[in-house]
Amino acid sequence: MSEDVRLVAWVRGHVQGVGFRWFTRARALEIGGLSGFALNLGDGRVQVVAEGARTGCESLLDWLEDGDTPGRVDGVTEIWDTPRGGYDGFAIR
């Protein structure tokens with residue numbers, strides 16, 4: 001069984017105003033077992049926080065980096081941590 005982890009990713013590029021957060025939430029729900037959120041930041045990036053099985057978080061990260069995302073992704077910076085909990089599903093903030 002896969003360990004539970006926390007992924008925090010910052011996505012750079014043309015990722016605001018293109019439905020990126022909505023598609024990220026839909027992808028997280030499609031993967032299943034993930035909770036967290038996608039949030040527009042003031043500097044034009046989108047922050048994605050996902051908690052759940054490592055395999056699910058890795059799948060979401062792969063999609064953020066190389067998937068058929070809306071807009072244009074120029075790069076993704078991520079950190080891995082232990083889950084903190086407290087999320088009810090996967091939200092758009």
Side-chain angles (χ1 to χ4, degrees):
M1 183 169 156
S2 181
E3 65 175 321
D4 281 354
V5 297
R6 174 184 177 90
L7 165 68
V8 182
W10 293 271
V11 185
R12 301 180 309 280
H14 180 62
V15 291
Q16 291 190 10
V18 294
F20 193 89
R21 292 176 301 156
W22 188 91
F23 276 95
T24 300
R25 178 180 182 271
R27 183 67 180 163
L29 294 175
E30 182 179 299
I31 291 167
L34 299 179
S35 59
F37 62 88
L39 169 73
N40 281 345
L41 299 176
D43 62 5
R45 295 177 300 164
V46 170
Q47 181 184 26
V48 178
V49 175
E51 292 188 356
R54 177 173 286 279
T55 54
C57 289
E58 287 172 346
S59 180
L60 183 61
L61 179 61
D62 288 345
W63 180 81
L64 290 171
E65 293 175 331
D66 299 317
D68 186 20
T69 61
R72 183 192 75 250
V73 173
D74 292 336
V76 179
T77 303
E78 86 273 359
I79 60 170
W80 296 89
D81 202 352
T82 55
R84 298 180 188 169
Y87 301 113
D88 184 22
F90 202 96
I92 296 172
R93 293 188 178 172

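Under the 4.5 Å side-chain heavy-atom criterion for ILVMFWY residues, no single connected hydrophobic cluster contains both Ile92 and Leu39. In the hydrophobic cluster analysis, where Ile, Leu, Val, Met, Phe, Trp and Tyr join through side-chain heavy atoms closer than 4.5 angstrom, Phe20 is grouped together with Val76. Ile31 and Val8 fall into different hydrophobic clusters, where Ile, Leu, Val, Met, Phe, Trp and Tyr are joined by side-chain heavy atoms under 4.5 Å apart, directly or via other members.
Val73 and Val15 get closest at one heavy-atom pair: CG2-CG1, 4.1 Å. Contact between Gly56 and Leu34 at its shortest, heavy atoms only, is O-CD1, 3.8 Å. Closest heavy-atom contact between Ala50 and Cys57: O-SG, 3.7 Å.
Using a 4.5 Å heavy-atom cutoff, the side chains of Leu7 and Val48 are not in contact. Between Trp10 and Asp43 the shortest side-chain heavy-atom distance does not fall below 4.5 Å. Between Arg27 and Leu60, some side-chain heavy-atom pair lies under the 4.5 Å cut-off. Between Gln47 and Phe37 there is a side-chain heavy-atom pair separated by less than 4.5 Å. Side-chain contact between Trp63 and Thr24 is present, with heavy atoms from C-beta onward closer than 4.5 Å.
The number of heavy atoms from other shown groups lying within 6.0 Å of CZ (Phe23) does not exceed 12.
Side-chain atoms of Gln16 come within 3.5 Å of backbone atoms of Leu41 as a donor-acceptor pair (strictly under, hydrogens ignored). Distance alone, capped at 3.5 Å, is enough to place a donor-acceptor pair between the Arg25 side chain and the Phe90 backbone. Of the possible polar contacts, one joining the Glu51 side chain to the Arg84 backbone as a donor-acceptor pair under 3.5 Å is found.
Taking NE2 of His14 as the start and CG of Asp74 as the end, the distance is 10.5 Å to the nearest 0.5 Å. Interatomic distance, CD of Glu58 versus CG of Leu61, reported as 8.0 Å (0.5 Å rounding). Here the straight-line distance linking atom OG of Ser59 with atom CG of Leu64 works out to 9.5 Å at 0.5 Å rounding.
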